[in-house]
Amino acid sequence: MEKDVKSVSRERFCYITRVQSFSASHRLHSKSLSDEENKRIFGKCNNPNGHGHNYKVEVTVQGKIDQNTGMVMNLTDLKQYIEEGIMKPLDHKNLDLDVPYFANTISTTENLAVYIWDNMIKLLPPNMLYEIKVHETDNNIFVYRGE
Ligand SMILES: Nc1nc2c(c(=O)[nH]1)N=C([C@H](O)[C@H](O)COP(=O)(O)OP(=O)(O)OP(=O)(O)O)CN2
Ligand SMILES: [Zn+2]
């Protein structure tokens, strides 16, 4: 008798994404460059008083769908990880003055995506973090996958 395909269920691999917005200010400035070089390279973003963004972060995790829960990960848990790894350290902060990581790292969105990845990888179960995507503006989107 032919095997009932339905009864032989294989484990499915799935990607789930949680989106979280936060507001922060920053200034693009390198301590290893002169004021003139900073102004030339970063333009208006080098304004000494800084500027703000309403960042939007997409955290994507990966994994097999658990046969008992039907979930890759409970989004309630992912929400808590995001609260700990993103909202607490970054929301309503000045990245350069309030976040030690950016004391000597230029607060570009590339570096922000790396910072968020490094925070989330410590909180999530092993091998589940797939991608961090950061929207700095409607037009500027940055993706980091741990490379
Ligand atoms: N490679 C990068 N370039 C720039 C970054 C960055 O993080 N990585 N960041 C900035 C500034 O932070 C700036 O605030 C954003 O630049 P810009 O595109 O000029 O933003 P606007 O305010 O003009 O808004 P748009 O919607 O993008 O026009 C600059 N470069
Ligand atoms: Zn900016």
Side-chain angles (χ1 to χ4, degrees), residues 8-147:
V8 182
S9 64
R10 64 187 172 87
E11 282 192 317
R12 306 286 180 158
F13 197 86
C14 190
Y15 298 83
I16 59 176
T17 299
R18 171 103 185 147
V19 182
Q20 178 65 56
S21 295
F22 69 93
S23 301
S25 60
H26 78 134
R27 179 196 188 197
L28 292 189
H29 187 85
S30 168
K31 291 175 180 170
S32 55
L33 299 173
S34 68
D35 287 350
E36 291 70 30
E37 284 172 317
N38 271 297
K39 280 198 189 82
R40 181 176 54 77
I41 293 167
F42 300 116
K44 67 180 178 181
C45 306
N46 185 242
N47 172 354
N49 296 329
H51 61 275
H53 295 290
N54 293 316
Y55 292 96
K56 186 170 78 172
V57 186
E58 297 179 41
V59 180
T60 300
V61 298
Q62 61 184 352
K64 290 176 182 165
I65 300 174
D66 184 294
Q67 304 283 347
N68 300 314
T69 63
M71 296 177 179
V72 169
M73 168 186 291
N74 192 326
L75 281 169
T76 306
D77 296 335
L78 183 52
K79 274 165 66 175
Q80 287 171 358
Y81 296 137
I82 288 171
E83 180 62 27
E84 194 62 32
I86 298 174
M87 296 306 284
K88 273 187 188 166
L90 297 174
D91 189 39
H92 282 74
K93 297 290 194 305
N94 178 308
L95 301 183
D96 311 308
L97 304 176
D98 297 321
V99 186
Y101 180 87
F102 291 108
N104 295 302
T105 302
I106 304 173
S107 53
T108 59
T109 312
E110 290 94 326
N111 286 333
L112 180 61
V114 170
Y115 170 82
I116 292 171
W117 173 279
D118 288 353
N119 278 4
M120 297 307 293
I121 201 91
K122 293 174 200 154
L123 295 165
L124 287 163
N127 307 313
M128 289 201 82
L129 183 57
Y130 171 72
E131 178 182 276
I132 296 294
K133 182 180 288 185
V134 185
H135 303 244
E136 178 189 58
T137 70
D138 290 342
N139 302 320
N140 301 346
I141 302 170
F142 302 74
V143 175
Y144 183 65
R145 293 185 185 150
E147 292 93 343

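Counting starts at 1 for both ligands and their atoms, following the listed order. Quick caveat: nothing in here was measured; it's all calculated off a predicted structure. For the single chain, residues carry numbers from 1 onward in sequence order.
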Problem - Student check: side-chain heavy atoms of Leu112 and Glu136 closer than 4.5 Å - result: no

Problem - Heavy-atom side-chain proximity of Gln80 to Asp77 below 4.5 angstrom - result: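 A side-chain contact under 4.5 Å exists here.
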
Handout entry: Asn139 side chain to Thr137 side chain, donor-acceptor N/O pair below 3.5 angstrom
Key = no

Handout entry: Ser107 side chain to Asp96 side chain, donor-acceptor N/O pair below 3.5 angstrom
Key = yes

Problem - Closest to atom 20 (O) of ligand 1 (judged by heavy-atom distance), picking from Thr109, Ile41, Thr137 - result: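 Going through Thr109, Ile41, Thr137 one by one, Thr137 has the nearest heavy atom to atom 20 (O) of ligand 1.
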
Practice task
Could you tell me whether a side-chain N or O of Lys56 sits under 3.5 Å from a main-chain N or O of Asp138, the two making a donor and an acceptor?
Solution key: no

Practice task
Output yes when a side-chain donor or acceptor of Asp91 lies under 3.5 Å from a complementary backbone atom of Phe22, and no otherwise.
Solution key: no

How far is [atom] from the closest protein heavy atom, and which atom is that?
{"atom": "atom 13 (C) of ligand 1", "value": "Cys45 SG, 3.3 Å"}
{"atom": "atom 12 (O) of ligand 1", "value": "Glu136 OE2, 3.0 Å"}
{"atom": "atom 22 (O) of ligand 1", "value": "Lys44 NZ, 3.8 Å"}

Handout entry: His53 backbone or side-chain N/O/S under 2.8 Å from the Zn ion (ligand 2)
Key = yes

Practice task
Classify the ring geometry between Phe102 and Tyr115 as parallel (under 30°), tilted (30 to 60°) or perpendicular (over 60°).
Solution key: tilted

Practice task
Mind telling me whether His26 and His53 have parallel, tilted or perpendicular rings, with 30° and 60° as the class edges?
Solution key: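 Ring orientation of His53 relative to His26: tilted.
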
Problem - atom 17 (P) of ligand 1: any protein heavy atom closer than 4.0 Å - result: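 When distances to the protein are checked, atom 17 (P) of ligand 1 has a heavy atom within 4.0 Å.
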
Problem - Region of Leu28 engaging ligand 1 - heavy atom pairs below 4.0 Å - result: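 Just the side chain.
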
Problem - side chain to side chain donor-acceptor pair (under 3.5 Å) against Arg145, all qualifying residues, sequence neighbours excluded - result: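 Side chain to side chain donor-acceptor pair (under 3.5 Å) list for Arg145, sorted by chain: Glu131.
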
What atoms of ligand 1 come within less than 4.0 Å of a heavy atom belonging to [X]?
{"X": "Asn140", "answer": "15 (C), 16 (O), 17 (P), 18 (O), 27 (O)"}
{"X": "His26", "answer": "12 (O)"}
{"X": "Asn139", "answer": "25 (P), 26 (O), 27 (O), 28 (O)"}

Handout entry: Under 3.5 Å: N/O of Glu110 near N/O of ligand 1
Key = yes

Handout entry: Close N or O approach (Thr108, ligand 1; < 3.5 Å)
Key = no

Problem - Any Phe142 heavy atom less than 4.0 Å to ligand 1 - result: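 In this structure, Phe142 qualifies as a contact of ligand 1 - some heavy atom is under 4.0 Å.
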
